[in-house]
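What follows is a short report on a single structure.
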Number of protein chains: 2
Amino acid sequence: MRRSIELPRRSAESACDRSARSRKTFFRKNVLRERARVRKPVVSIKDVASLAGVSIGTVSNVLTGKRAVKAELQVRVRGAVAELGYEPDRSASRLRGGRGRVVAVMVPDLTNPFFASLVAALEAAVRGDGYDIIVGTSNGGPAEEAARLATLLAWRPGGLVVVPCDDAFASAAVIRRSGVPFVVADRVADGIDADQVTVDNRAAGAASAEHVLGLGHRDVVVAASTMALRNIRERYAGIEGAFLSRGLPAPRHIEVGLDLETATDRLDAFVRDECRTSAFIALTNFGTLGVLSTLRRRGLRVPDDVSVIGFDDYAWMRAVSPPLSAVRQPVEAMGQAAWARLRARIDGADGPFERVRLECEFVPRASTAAFGKPLGCERAA
Amino acid sequence: MRRSIELPRRSAESACDRSARSRKTFFRKNVLRERARVRKPVVSIKDVASLAGVSIGTVSNVLTGKRAVKAELQVRVRGAVAELGYEPDRSASRLRGGRGRVVAVMVPDLTNPFFASLVAALEAAVRGDGYDIIVGTSNGGPAEEAARLATLLAWRPGGLVVVPCDDAFASAAVIRRSGVPFVVADRVADGIDADQVTVDNRAAGAASAEHVLGLGHRDVVVAASTMALRNIRERYAGIEGAFLSRGLPAPRHIEVGLDLETATDRLDAFVRDECRTSAFIALTNFGTLGVLSTLRRRGLRVPDDVSVIGFDDYAWMRAVSPPLSAVRQPVEAMGQAAWARLRARIDGADGPFERVRLECEFVPRASTAAFGKPLGCERAA
DNA sequence: TTGAAAGCGCTAACAC
DNA sequence: GTGTTAGCGCTTTCAA
C-alpha cells in the first residue's frame with residue numbers, strides 16, 4: 001500500500017520565492033486534500049516540511065535543536081508543527097537515532113502499593129526529561145521476569161530500572177547483554193555489578209528496634225516476608241544489632257510470605273502458642289497487614305496488649321485506629337535518585353557502580369506504647 | 001557512525017550449499033568477530049539470517065508466521081534466534097508494520113491503589129497477547145493529561161486505555177485525531193462517543209444504601225470525593241434512589257476532595273456539629289480514609305458509635321479492626337474487559353460504541369452494625 | 001545554513 | 001517457498 005503523499009516536485013527556490021500566504025494556500029490545496037483522500041491518519045515530518053516550505057532535515061534540526069537554523073525558518077517550522085499538531089514518531093526517531101526516549105521499568109508486582117508508588121515516582125521524574133515509561137511485572141517468577149525483560153528490552157529503551165524478583169537476579173545477564181544502562185532499585189542483588197538505589201535497610205530496622213526498646217519492650221517478634229531477600233535480611237540485621245548491642249537476645253522472626261492469607265495463617269499459628277511477645281515489628285507491607293489481621297482475629301488490642309510497627313507508610317496507616325507507627329521509605333526520592341543515576345549512565349557516565357543508600361524515617365504514632373505486661377496465654381487462648 | 005556488519009557478499013546458492021556445520025564456522029569467524037569488533041550491542045534480523053543461512057525475509061516469515069516456511073528452515077532459523085538471543089526490534093517492526101504492540105495507559109494517579117491495580121490488571125491482560133504497556137499519569141490536570149497523551153500517542157501504540165481526569169475529557173479530541181483506538185475506563189465521559197468500561201455505579205451505591213437501611217440506619221452521610229465526576233454522581237444516585245423508594249429523605253453528602261488531609265478537615269468540620277448521623281458511606285478511597293480518620297480524631301468508635309462503608313476493597317480493609325464493610329470493584333475484570341474491547345477495535349471491529357458495565361460486590365464486614373442510637377452531640381464534643 | 005540522500009531494522013510486495 | 005527490495009519516519013552525514 002502506498003501511503004505517502006505525492007506532491008508536485010518543487011525546487012527549493014520556488015518554495016522560498018513563494019510568499020507565506022501562497023505557500024499555505026498551496027499546502028491546503030494539495031497536502032491537506034491529499035491527506036484526506038488517502039486517509040493518512042498521522043502527520044509526518046514531510047507534511048511539516050511541505051507546509052513550512054523547508055526540507056525535512058531542517059524540520060528535524062529545528063525540533064531537535066542539534067543544529068542551528070535561521071530564525072525565520074524556525075518560526076515557519078514551529079508554526080507548521082503547531083498547525084498540524086505534529087508530534088515526531090518516537091519509534092522512528094529511536095530507530096534512526098539509537099536508544100529511545102523510554103525507560104523500561106520492571107517491578108515484581110504493581111498491585112503492591114510500594115512498587116506502584118515507585119513507578120509513579122519514576123514516571124514523574126522521567127517525564128520532565130521527555131521520557132516515557134514502559135512497565136512490566138515479573139509477578140514473582142524469575143522465568144517471567146526474564147521473559148518480560150526481553151520484550152521490554154525489545155523496544156531498545158534508553159535505560160531500565162529494575163526491582164529484581166529475587167536476589168539471584170538471573171535476568172541481569174539478559175539485561176547486560178542488551179547493553180541497556182540499568183539501575184537496580186529497592187532490592188540489593190548480591191555481588192551484582194550495577195548501580196543500585198536502595199534504602200538504608202539496616203538503619204531502618206535499627207530505628208524500629210530502638211523505638212520498641214526505648215518503650216521497654218524486650219520480647220519482640222519480627223514479621224519478615226522472607227529471609228531470602230537481602231534487603232529483608234538487612235532490616236532484620238539492624239534490629240538484631242540493636243538488641244545485641246544492649247546485651248539482649250536477638251528477637252525471633254517469622255517468614256510470613258507474600259500475600260495476606262499466608263501471612264495471617266503463619267502468624268496466627270505462632271501467636272496461638274505465644275505468651276511473651278509484647279511487640280511486633282513488620283518488615284514489609286504484608287507483614288504489617290498480617291500482624292494486624294492476626295491480632296484482631298485473636299482479639300488482642302493494639303497497643304494495649306501488643307505494640308505494632310508497620311513498614312512503609314501509606315495513607316490508611318494514618319487513618320485507622322490506632323494510627324500505625326511505621327518506617328517510611330522515601331519512595332519519591334528513590335525514584336528521583338534512580339533516574340538521576342540512570343540519566344547519567346545514558347549520558348555516557350562510566351565511573352564505577354554506585355550504591356545510593358537513602359534514609360528511612362521512623363514515624364512514631366499510636367500503635368506502640370510503653371511496655372506494660374507481657375501477653376498472657378490465657379488472653380490469647 | 002557506521003555500525004552495520006560488512007559481510008563478504010554471498011549468493012543464495014553458496015549459503016545453501018554450505019553444510020550446517022560450515023555455515024556456523026563461517027558465521028563465527030565472520031559475524032561474531034565483526035560484531036565484537038564494532039561493539040554492535042544488539043543482534044538484528046540480519047545476524048539471524050546469516051547464521052541460519054537464509055534471507056532476512058525468511059527469518060521474518062518464520063517469526064511472524066504470516067507466510068509458510070519449509071520445516072527445515074524453520075528449525076535453522078529458530079536455532080539461530082535462540083543462539084543469538086534475538087528479539088525483534090519493536091520500534092522497527094512498528095515503523096514498518098503500522099501500529100505497534102504497545103498499549104498506552106493514561107490514569108490520573110498511579111499512587112492511587114485503584115488505578116495502580118487497574119494498570120496491573122491491564123498489564124496482565126495485554127501481555128498474553130504479546131503487547132507491552134506504556135503508562136502516563138495526568139495528576140489531576142486536563143492540560144497535563146493532553147500533554148502526556150500526546151507523547152504517549154507519539155509511540156503510535158496499537159491502542160489506548162484512558163481514565164480521564166475529568167468529565168469534560170477535552171483530550172478526547174487529541175486521541176481521536178490520532179486515530180488510535182481507545183477505551184475509556186472507570187470514569188464515564190458525558191456524551192463521549194467511545195467504548196467504555198465502567199462499574200455499575202448506581203447499583204454499587206444502592207447496595208451500600210440497602211445494607212445500612214437494612215441495619216436500621218436512617219440518618220446517613222455520604223462522603224464523596226467530588227460531585228463533578230459522573231461516576232460519583234451515579235453512585236450517589238444509587239444511594240438516593242434506595243432512600244427515596246422507601247419514602248425516606250435523601251442522605252446528605254460531603255465533597256471531601258482528593259487527598260487525605262482535605263478529606264479529614266472537611267469531614268471533621270462536619271462531624272463537629274453533627275448529632276444525628278449513624279452511618280457513613282464512602283464513595284471513594286479517600287472518602288473511606290477521611291471518614292475513618294475523622295471518626296478516630298473525634299473519638300468515635302466503629303461500629304459502636306457509627307457504621308462505616310468503604311469503597312474499593314484493599315487488603316488493609318480486611319486486616320484492620322474492625323474490618324471494613326466495603327464495595328469491591330472488579331478491577332481485574334475491568335482490565336480484561338477493557339483489553340477485550342480494545343483488542344476487538346484493534347482487529348478492526350467497527351460496530352457502535354459499547355459501554356460495558358461490570359457489577360460490584362458488596363462485602364459486609366464488621367464496620368457496620370445495627371442502628372442503636374444516634375450520635376450524641378455530647379459525645380462528639 | 002540548507003537540501004539531498006543514506007540508512008536504522010523491520011515487513012510486505014514482488015519476483016522467481 | 002524463498003530471496004530481493006522498497007520503504008515506514010526519522011536523524012545524520014555530505015554537498016552545496
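As the structure is a prediction and not an experimental result, all values here were calculated from the model. Heavy atoms only: backbone and side chains are in, while hydrogens, waters and symmetry mates are out. Chain letters run A, B, ... following the sequence lines, proteins first, then strands; residues in each count from 1.
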Measure across B:R345 and B:D350 and return the closest heavy-atom pair with its distance rounded to 0.1 Å.
NH1-CA, 3.4 Å
Length of the OH-C1' vector between A:Y86 and D:dG9, whole Å
7 Å
Rounding to an integer number of Å, can you tell me how far B:I45 CD1 sits from C:dG7 P?
19 Å
Between P on D:dA6 and CD1 on B:I56, what's the gap in Å once rounded to a whole number?
12 Å
With five pairs defining each end axis, the helix from C:dT1-D:dA16 to C:dC16-D:dG1 comes out bent, to 10°, by 50°
How many whole angstroms separate atom CD of A:E87 from atom C1' of D:dG9?
14 Å
Please tell me whether B:R127 and A:T137 have a donor and an acceptor in their side chains that are separated by less than 3.5 angstrom.
yes
With a 4.0 Å limit, can you tell me whether A:K46 has a side-chain N or O closer than that to the phosphate oxygens OP1/OP2 of D:dC10?
no
Considering just the side-chain nitrogens and oxygens of B:S44, establish if one lies under 4.0 Å of OP1 or OP2 belonging to C:dG9.
no
For the side chain of A:E87 and the backbone of B:A154, is there at least one donor-acceptor N/O pair under 3.5 Å apart?
no
What's the CG-P distance between A:D47 and D:dG9, to the nearest Å?
9 Å
When all nucleic acid strands are considered with a 4.0 Å heavy-atom cut-off, which category describes A:L73: base, sugar-phosphate, or nothing?
sugar-phosphate
Between A:D129 and A:R343, is the closest basic N to carboxylate O distance under 4.0 Å?
yes
What's B:T64 touching, base or sugar-phosphate or nothing? Going by heavy atoms closer than 4.0 Å.
sugar-phosphate
Check the phosphate of C:dT11 against B:K66, side-chain N and O only, distance under 4.0 Å to OP1 or OP2. Yes or no?
no
Is B:S60 touching bases, backbone alone, or none of the nucleic acid, heavy atoms closer than 4.0 Å?
base
Taking 4.0 angstrom as the limit, do B:D89 and A:R156 come out as a salt bridge?
yes
In whole angstroms, the gap separating P of D:dT12 from CZ of A:R94 amounts to 13 Å
Counting side-chain heavy atoms from CB outward, which of D:dA6, D:dC10, D:dG1 is closest to B:A68?
D:dG1
Check B:V102 against B:P157 and note the closest heavy-atom contact, atom names and distance.
O-CB, 3.4 Å
Specify the separation, in whole Å, of atom CZ of A:R90 and atom P of C:dG9.
21 Å
Between the side chains of B:R101 and B:D132, is the shortest nitrogen-to-carboxylate-oxygen separation below 4.0 Å, so that they form an ion pair?
no
Hey, can you pull the residues of residues 149-156 of chain B with a non-hydrogen atom under 4.0 angstrom from DNA chain C?
none
Check: A:A52 main-chain N/O paired with A:R76 side-chain donor or acceptor under 3.5 Å:
yes
Under 4.0 Å between a side-chain N/O of B:S93 and OP1 or OP2 of C:dG9, yes or no?
no
Are the side chain of B:D47 and the backbone of B:S44 linked by a donor-acceptor contact shorter than 3.5 Å?
yes
Whole angstrom value for the distance that separates P of C:dT11 from CZ of B:R99:
17 Å
Out of C:dG9, C:dT2, D:dT2, whichever nucleotide has its closest atom nearest the side chain of B:K70
D:dT2
Of D:dG7, C:dT2, C:dC8, the nucleotide closest to the side chain of B:R96 is D:dG7
Testing D:dG7, D:dG3, C:dG3 for proximity to the side chain of B:S55, the answer is D:dG3
Kindly point out which of D:dA6, D:dT2, C:dC8 is positioned nearest to the side chain of B:N61?
D:dT2
Comparing B:A92 with B:R67, nearest DNA chain C nucleotide closer to 5' gives the residue B:A92
What I want to find out is whether A:E144 reaches A:R148 closely enough, with some N-O distance under 4.0 Å, to be called a salt bridge.
no
Short question: side chain of B:Q74, backbone of B:V69 - any donor-acceptor pair under 3.5 Å?
yes
